[in-house]
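This report concerns only the one structure given below.
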Amino acid sequence: MARPAVVLLSGGLDSATVLACAQGAGFDAYALSFDYGQRHSAELDAARRIAAGAGVTHRVVRLDIGQFGGSALTDTDIDVPEAPPDADVADTDEIPVTYVPARNTVFLSTALAWAEVLGGTDIFIGVNAVDYSGYPDCRPEFIAAFETMANLATRAGVEAQGAAERLRIHTPLIDLAKADIIRLGLGLGVDYAETVSCYQADSAGRACGLCDSCRIRAAGFAAAGVPDPTRYA
């Protein structure tokens, strides 16, 4: 019998690939999305389509951390940075304004709760530390620390009878460039036309083509040598 795994599904390119990875590895995937007050809510529609196409149980949890503000993705008073489509993404040590405070910590904690109820020990998340991250909660160090915490803070972790039963956070994309992620997903049958990555997509899910996420996505398809199925406004 397939083991259950909770997969964080935003509706974007990376999370759709991670869902395919979990299913490809033989897990019984349970997709989890969040309505967290994001300005680009079209991604939730994409998440629903992706989950339905994959035939998995899908829950959307309303958890409005956006009410605190502090991010261009949740606060309309903070502009999403834009640049021409062919401009390089800035390589800087500064954390970008699109970082949402504590987002992955909150999301993983909720996924952890569902995994325990399901009797599962596996959580999948599409964090990436290669193609323009800058987000502190996408680093391998954070994932390792959260996994340690999860095994200290839960009944499942405390009662685990050996390494095979410990709670695990799977990050299959963390060391991959965007082009490699796209190639991996295409090999697993992911339909990237269904995904929405734009930080400010319109209500129909059409991308701006100017934000960092759009430009990284477009560059990834170009580097992978495959057509970009993104719909642009």
Side-chain angles (χ1 to χ4, degrees), residues 1-38 40-41 43-68 73-74 100-128 135 137-140 142-174 188 190 194-196:
M1 183 176 178
R3 299 200 315 271
V6 176
V7 181
L8 293 178
L9 181 66
S10 69
L13 183 154
D14 292 345
S15 69
T17 306
V18 167
L19 176 58
C21 287
Q23 290 188 298
F27 286 95
D28 181 13
Y30 290 76
L32 179 61
S33 304
F34 293 92
D35 180 355
Y36 64 91
Q38 63 269 53
H40 53 304
S41 59
E43 68 178 13
L44 289 175
D45 294 329
R48 293 183 182 96
R49 293 193 302 269
I50 294 162
V56 300
T57 298
H58 181 220
R59 290 193 177 183
V60 178
V61 173
R62 179 164 176 76
L63 196 63
D64 191 5
I65 56 177
Q67 66 183 292
F68 303 130
L73 300 193
T74 60
V100 180
R103 180 174 60 177
N104 283 344
T105 304
V106 174
F107 288 2
L108 282 170
S109 296
T110 307
L112 180 60
W114 196 16
E116 268 210 290
V117 172
L118 293 170
T121 58
D122 299 275
I123 297 170
F124 283 75
I125 182 172
V127 293
N128 181 264
Y135 297 160
D137 54 1
C138 287
R139 295 174 299 157
F142 164 74
I143 297 298
F146 189 95
E147 186 175 89
T148 297
M149 181 279 297
N151 280 286
L152 292 171
T154 58
R155 181 172 65 185
V158 170
E159 295 179 350
Q161 301 296 310
E165 294 183 14
R166 287 176 57 81
L167 291 153
R168 292 178 298 275
I169 310 298
H170 298 262
T171 58
L173 312 184
I174 199 162
L188 292 169
V190 176
E194 296 290 350
T195 65
V196 174

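In this text, all values refer to a predicted model and were calculated from it rather than measured experimentally.
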Separation between CZ (Phe34) and CD (Glu43), nearest 0.5 Å, reads 11.5 Å
Could you go step by step and tell me if Leu73 and Arg103 meet the side chain to side chain contact (heavy atoms under 4.5 Å, CB included) rule? CA-CA 11 Å; Leu73 300 193; Arg103 180 174 60 177; 3.8 Å; yes
Could you tell me the separation between the CG atom of Leu118 and the CZ atom of Arg3, rounded to the nearest 0.5 Å? 13.5 Å
Non-hydrogen atoms of Ile50 and Gly11 that approach each other most closely: CD1-O, 3.8 Å
Which heavy atom of Tyr30 sits nearest to which heavy atom of Pro4, and what is that distance? CE1-CB, 3.8 Å
Are the side chains of Val56 and Gln23 in contact, using a 4.5 Å heavy-atom criterion? yes
Measuring from atom OG1 of Thr57 to atom CG of Asp28, what distance do you get when rounded to the nearest 0.5 angstrom? 7.0 Å
Out of curiosity, Phe146 CZ to Ile169 CD1, how far, rounded to the nearest 0.5 Å? 5.5 Å
What is the minimum heavy-atom distance between Thr195 and Ala16, and which atoms define it? CG2-CB, 3.7 Å
What donor-acceptor contacts under 3.5 angstrom involve side-chain atoms of residues 104-114, with partners at least two apart or in another chain?
unit_1 : atom_1 : unit_2 : atom_2 : d
Asn104 : ND2    : Asp137 : O      : 2.9
Ser109 : OG     : Thr105 : O      : 2.7
Thr110 : OG1    : Val106 : O      : 3.1

side-chain hydrogen bond (donor to acceptor under 3.5 Å, both in side chains) against Glu116, all qualifying residues, sequence neighbours excluded: none
Please report the C-alpha distance between Ile125 and Val18 in whole Å, then the side-chain angles of each, then the deciding distance to 0.1 Å, and finally whether the side chain to side chain contact (heavy atoms under 4.5 Å, CB included) criterion is met. CA-CA 7 Å; Ile125 182 172; Val18 167; over 6 Å; no
Under 3.5 Å, side chain of Arg168 to main-chain N/O of Arg166, donor-acceptor pair present? yes
Applying side-chain contact (heavy atoms from CB on, under 4.5 Å), can you list everything that pairs with Ser33, at least two apart in sequence or on another chain? Leu9, Leu44, Ala47, His58, Val60
Ile174 to Cys138 - nearest heavy-atom pair and separation: CD1-O, 3.8 Å
Going by heavy atoms in the side chains, are Leu8 and Ser15 under 4.5 Å from each other? no
Would you say that Leu188 contacts Cys21 through its side chain, given a criterion of any heavy-atom pair below 4.5 Å between the two side chains? yes
Using modelled atom types only, decide if a donor and an acceptor are shared between the side chain of Asn151 and the backbone of Glu147 within a distance under 3.5 Å. yes
Closest approach of Ala156 and Leu167, non-hydrogen atoms and distance? CB-CD1, 4.3 Å
Could you tell me which non-hydrogen atom of Asp14 sits nearest to which non-hydrogen atom of Gly126, and how far apart they are? CB-O, 3.8 Å
